[in-house]
Amino acid sequence: MRLSVTQVESWMRDPYGLYAQKVLNLKPLDPIDDRPNASTKGTLLHEALERFLAEEGPRKGDTGYARLIAVGRKVFEPVLTQPAVYAFWWPRFERIADWFIANEAERAETFEVAAVEEWAEAELAGSGFTLFAKADRIDRNKATGALTIIDYKTGNIPSAKRVAAGFAPQLPLEAWLAERGAFKGVDAAPVDDLVFWELKGGDPVQKQHRPIKDVVESVTEAEQGLRGLVKTFADESVAYLSNPRPKEAGYGDYDHLARVKEWRNTADPFDGGDT
């Protein structure tokens, strides 16, 4: 079996959704009203920052800011003429760009960018399972050589409680891959920081979240949790249940097939009421 880190998270929260995707090979249809949404905004921001860091050119000061804005305009061009995008998304991107350039200049004193939107793949020894991932960004500390795994977020950030419970294993699993030298062009090294950059362009423009306090422990627990999942679902008698932990699951692409809204909203006829 071969799954991405995000699919592993789905495996934990909604096994049926993963079954529908990977085994039944069912793909969500594009919406009829295909207007830009929050997911589109995140995709565009990721692409703009990826291009900016990957391409040659200034990264600091006014010239760096001008280049990032130019890159952003190219990326946003297909939707920039839409009123909502031009009025709300683009001004937020400009504020993010201003912060990003200043932050890059500060980080450059201590870190170098080791990878941007890079893929990794590694086998979980002795399991027949392969894990793969695409990291938004990996920085390397110039003095110690240690790595920082960075994930850009324009939506919700996993809470520290959720991460500690193992329901948001993305960054720890990416760290597990990085420590094995699985990312192309990134030599194996210890990972000492896992951070979400919340980039919304509002007030404040950005926030940095570190819900994982002990990186070493978190990576170890993520590997153990993954091994547990692989072992559990290797048993053919184990069912791929729909939303076994409702509090950990939002509404997924395949929930309508499992009629989730019906059974979630149906009260127990024997619970309460007058007798």
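Everything numeric in this text was worked out from a predicted model, so none of it was measured.
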Test item: P190 and D192 side chains (from C-beta on) under 4.5 Å apart, heavy atoms: no
Pairwise side-chain contact, D136 with W197, heavy-atom cut-off 4.5 Å (strictly under): no
Residues W90, E94; criterion side-chain hydrogen bond (donor to acceptor under 3.5 Å, both in side chains); working and verdict: CA-CA 6 Å; W90 184 250; E94 289 178 320; 3.1 Å; yes
Between CZ on residue F129 and CG on residue L3, distance to nearest 0.5 Å: 4.0 Å
Residues, nucleotides or ligands: over 12 heavy atoms within 6.0 Å of E112 CD: yes
Side-chain heavy-atom pair P158, F167 within 4.5 angstrom cut-off: no
Backbone N/O of V191 and side chain of E179: donor-acceptor pair under 3.5 Å: yes
Gap separating the CD atom of E50 from the CD atom of E55, nearest 0.5 angstrom: 9.5 Å
More than 12 heavy atoms from other groups under 6.0 Å of NZ on K161: no
Side-chain touch R140/V186, heavy atoms, less than 4.5 angstrom: yes
For F183 against A133, the heavy-atom pair lying closest together: CE2-O, 4.2 Å
Exam field: side chain R92 to backbone K200, donor-acceptor pair closer than 3.5 Å: yes
Heavy atoms of other groups near D235 CG, more than 12 under 6.0 Å: yes
Heavy-atom pair with the smallest gap, counting every atom of V230 and W11: CA-CH2, 3.9 Å
Under 3.5 Å: donor-acceptor pair, side chain of S218, backbone of D214: no
Side chain to side chain contact (heavy atoms under 4.5 Å, CB included) partner of L80, the single match among V75, L44, V85: V85
Shortest non-hydrogen separation from P15 to L241 and the atoms involved: CD-O, 3.1 Å
Value rounded to 0.5 Å, distance of CG in L199 from CD in Q208: 8.5 Å
F93 vs L68 side-chain heavy atoms within contact, under 4.5 Å: yes
Flag if over 12 foreign heavy atoms under 6.0 Å of CG, D62: no
Closest approach of G202 to R95 (non-hydrogen atoms, all atoms of both residues): O-NE, 4.4 Å
Check: D139 side chain, T148 main-chain N or O, donor-acceptor pair, under 3.5 Å: no
R59 side chain to G64 backbone, donor-acceptor under 3.5 Å: no
Residues R51, E47; criterion salt bridge (Lys or Arg N to Asp or Glu O under 4.0 Å); working and verdict: CA-CA 6 Å; R51 287 192 189 183; E47 184 177 348; 2.7 Å; yes
Closest heavy-atom pair and its distance - L194, L171: CD2-O, 3.8 Å
Distance-only side-chain donor-acceptor flag, E198 / H209, under 3.5 Å: yes
Straight-line distance of E221 CD to L226 CG, nearest 0.5 Å: 13.5 Å
side-chain contact (heavy atoms from CB on, under 4.5 Å) between R107 and V113, worked out: CA-CA 9 Å; R107 287 187 67 81; V113 179; over 6 Å; no
Rounded distance [0.5 Å steps], CD1 in I212 versus CD in E217: 10.5 Å
Reported CG-to-CG distance for the pair N103 and D98, which is rounded to 0.5 angstrom: 11.5 Å
Y152 six-ring centre to R137 NZ/CZ under 6.0 Å and within 45° of normal: no
E123 backbone acceptor or donor facing R180 side chain under 3.5 Å: no
K142 atom NZ, over 12 foreign heavy atoms within 6.0 Å: yes
Geometric cation-pi criterion R67 and F52, 6.0 Å radius, 45° cone: yes
Minimum-distance pair of heavy atoms, taken over all atoms of V219 and P172: CG2-O, 3.8 Å
Centroid-centroid under 6.0 Å between F233 and Y240 rings: yes
Contact check, side chains of D193 and V215, non-hydrogen atoms, under 4.5 Å: no
